[in-house]
Amino acid sequence: MGELGGFLKIERRGVPYRDSTERARDYQEFLLQRPTEELREQGARCMDCGVPFCHNGCPLGNLIPDWNDLVYRDRFEDAIVQLHATNNFPEFTGRLCPAPCEAACVLEIREGDAVTIKQIENSIINRAWEEGWVVPQPPRRESGRSVAVVGSGPAGMAAAQQLRRAGHAVTLFERDEAIGGLVRFGVPDFKIEKAIVERRVQQLAAEGVVLRCGVDVGSDMSADELVASYDAVVLATGSRVPRDLPVPGRELDGVHFAMDYLYQRNRWVADEIGPEPLVPAPQPGATITAAGRDVVVIGGGDTGADCVGNALREGARSIAQLELLSEPPERRPDDRTPWPEWPQKYRLSYAMEEARELHVGEQDYSIATTAFDGEDGRLTRVTVAQAEPEPPFAPVAGTERELPAQLVLLAMGFLHPEHGLLDQLGIEKDRRGNVRAVAPYTTSIDGVFAAGDARRGQSLIVWAINEGRQCARMVDRYLAGLGGGAAQHDDDGLSGHADADEGPEGPPQHVGPGVPAG
């Protein structure tokens, strides 16, 4: 496996980025790819561990040592087969996943020396698309059963693809104008260009998945109609109710949820450079713009960073990103998050790196926002204070100060899925407001299943894809048990690395870089 002793001889070389001042002027992806020979060397560093802890770090159960070795041996076509065995969309995870697999790599015992797993994964799928190895895989025979998947984020897309490949007639519903969920509308193009998402959408269509965009299930189609029209239903609606900040002045014009802003920016980029949506985009409401404004982003996670990156590219006058929690340590705190756990340590985001380089951004920790102030109904400033280090992170008296702000973006995470459709269906919810699973991925309503953030809460893209795949297996078993002449089929399209019937319950162990579990 790999090169004998390679990890002792070959230095880790991480993912290269475009120059921060250059990339901050456009919306093109900022990740670069190393030459093949360098990637093969990085694959050679994998040690063929007796216990590959990288598997423990990867929710998908990716066959990481296997495809590391295949890249080292320049067998990229074999590597993509191994990669696709557990991951429907490695180009999504290779760009957007924070790589908990690398945090669990045995080489990471010497901090900062892990195998560059995410980089190698991305290189495999990029090569596969370039060489034409990624092709539609329609089912060999039809089952005679139908499934509706509601929500087209990574969980919904994965569930739809797996079920279609197993021979079921699948319809994928999306209330927005294009498929992809937050990967399409929440994540900026400079992290993942939407042509990357669109080619997977076209693969789904070529495999026979029916795509219905612009359909708000629960409004445009009733819950009763949905259940009556299909043999099974998968709810993959995500966790879309944002955490609010109920302080004085919250009603002022200029205070917005992060996703409202990110949706507008992604739609603007789609209008400028494409790809075109499947149906017309909805009429925009009031424009949210950072151009020429002092911007305050409240929340230190990935969504907050994406707000910073967009505001910078719009031409914000200044950007302040505020985090309620204290600043994490520079290195892994072994007493709190020992290897191979996800380390709660400081990570400079791509966006704050850009903002600092251009001298328009700052990031502050242990900051409690106490009020929004304004004139004539419009926001002009934000009052903040130092926060106590422990919950409930109350403001410390005497530390108040004001920040100029004409735009505040609330990026404090999400609470649970929207409840309208769940209540129409009569689905039980857990104490956190998520869909309660009475059995793995199975809701309290017969024939209705749930996957992704709607079931487990706000989490990582790798969890979403894993949940979509495993939920598809549960749906397939349910449909097979209905009888009535449905065609028998093999399980090849639903196979994976692990027989993970028991889906993980409760809060995710890692939500995102530097963000604690909910």
Side-chain angles (χ1 to χ4, degrees), residues 60 77 80-93 124-126 128-174 176-181 183-184 194-215 229-234 236 275-279 449 451-452 461 464-480 486-496:
L60 279 164
E77 191 168 4
I80 189 56
V81 174
Q82 295 284 66
L83 186 49
H84 271 151
T86 57
N87 187 351
N88 296 63
F89 315 118
E91 64 270 50
F92 296 1
T93 54
I124 295 169
I125 185 59
N126 288 347
W129 280 106
E130 291 168 4
E131 298 286 350
W133 299 332
V134 183
V135 296
Q137 299 178 43
R140 290 189 288 270
R141 46 193 171 274
E142 302 291 337
S143 71
R145 294 297 182 184
S146 62
V147 184
V149 179
V150 183
S152 73
M157 290 179 69
Q161 185 164 68
Q162 294 295 96
L163 287 164
R164 179 60 194 143
R165 289 177 176 179
H168 307 302
V170 179
T171 302
L172 182 58
F173 289 93
E174 171 55 57
D176 291 316
E177 67 271 23
I179 299 296
V183 174
R184 188 87 176 222
K194 298 311 176 285
I196 302 294
V197 181
E198 183 61 25
R199 65 189 181 188
R200 283 296 185 182
V201 175
Q202 295 305 315
Q203 183 189 36
L204 289 177
E207 290 175 351
V209 175
V210 176
L211 308 175
R212 294 195 61 187
C213 292
V215 179
S229 301
Y230 297 90
D231 295 311
V233 173
V234 174
E276 292 187 10
L278 292 178
V279 300
F449 300 80
I461 187 170
I465 296 173
N466 176 70
E467 292 239 333
R469 289 173 61 88
Q470 300 302 340
C471 181
R473 295 174 59 248
M474 299 300 107
V475 175
D476 186 58
R477 290 183 184 179
Y478 169 81
L479 295 175
Q488 296 296 312
H489 60 83
D490 57 58
D491 199 41
D492 288 350
L494 297 170
S495 61

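Being a predicted model, the structure only gives us computed values, none of them experimental.
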I'd like to check the side-chain contact (heavy atoms from CB on, under 4.5 Å) partners of Q137; sequence neighbours left out, ordered by chain and number.
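Testing Q137 for side-chain contact (heavy atoms from CB on, under 4.5 Å), a comparison that skips the adjacent residues, returns R165, E207.
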
Which distance, rounded to the nearest 0.5 Å, do you find between the [atom1] of [X] and the [atom2] of [Y]?
{"X": "I196", "Y": "F89", "atom1": "CD1", "atom2": "CZ", "answer": "13.5 Å"}
{"X": "L83", "Y": "T93", "atom1": "CG", "atom2": "OG1", "answer": "7.0 Å"}
{"X": "N87", "Y": "I465", "atom1": "CG", "atom2": "CD1", "answer": "5.0 Å"}
{"X": "D476", "Y": "F449", "atom1": "CG", "atom2": "CZ", "answer": "10.0 Å"}

Testing the basics here: between [X] and [Y], what is the closest heavy-atom pair and its distance to 0.1 Å?
{"X": "L172", "Y": "G151", "value": "CD1-O, 3.6 Å"}
{"X": "E142", "Y": "G167", "value": "OE1-O, 3.1 Å"}
{"X": "A205", "Y": "L211", "value": "CB-CD1, 4.1 Å"}
{"X": "S152", "Y": "A178", "value": "OG-O, 4.2 Å"}
{"X": "P154", "Y": "V183", "value": "CG-CG2, 3.6 Å"}
{"X": "I179", "Y": "C213", "value": "CD1-SG, 3.6 Å"}

Flag side-chain contact, heavy atom, 4.5 Å: [X] against [Y]:
{"X": "V170", "Y": "L204", "result": "no"}
{"X": "N88", "Y": "M157", "result": "no"}
{"X": "H84", "Y": "V134", "result": "yes"}

Under a plain distance cut-off of 3.5 Å, with no hydrogens placed, do R164 and Q161 share a side-chain donor-acceptor pair?
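On atom types as modelled, these side chains do not qualify, holding no pair under 3.5 Å.
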
Is [X] reaching over with its side chain to a backbone N or O of [Y], donor-acceptor style, under 3.5 angstrom?
{"X": "R469", "Y": "T86", "value": "yes"}
{"X": "E467", "Y": "A451", "value": "no"}
{"X": "D231", "Y": "S146", "value": "yes"}

Quick one: do Q203 and R200 satisfy side chain to side chain donor-acceptor pair (under 3.5 Å)? Show the steps, please.
CA-CA 5 Å; Q203 183 189 36; R200 283 296 185 182; 2.8 Å; yes

Could you check V215 against V279 for side chain to side chain contact (heavy atoms under 4.5 Å, CB included), going step by step and ending with a plain yes or no?
CA-CA 10 Å; V215 179; V279 300; over 6 Å; no

Side chain to side chain contact (heavy atoms under 4.5 Å, CB included) assessment of R145 paired with V147:
CA-CA 7 Å; R145 294 297 182 184; V147 184; 5.8 Å; no

E276, CD: over 12 other non-hydrogen atoms inside 6.0 angstrom
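No, the 6.0 Å shell around CD holds no more than 12 heavy atoms from other groups.
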
Salt bridge check, R184 against E174: does any charged N sit closer than 4.0 Å to a carboxylate O?
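A salt bridge is absent here (no side-chain N lies under 4.0 Å from a carboxylate O).
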
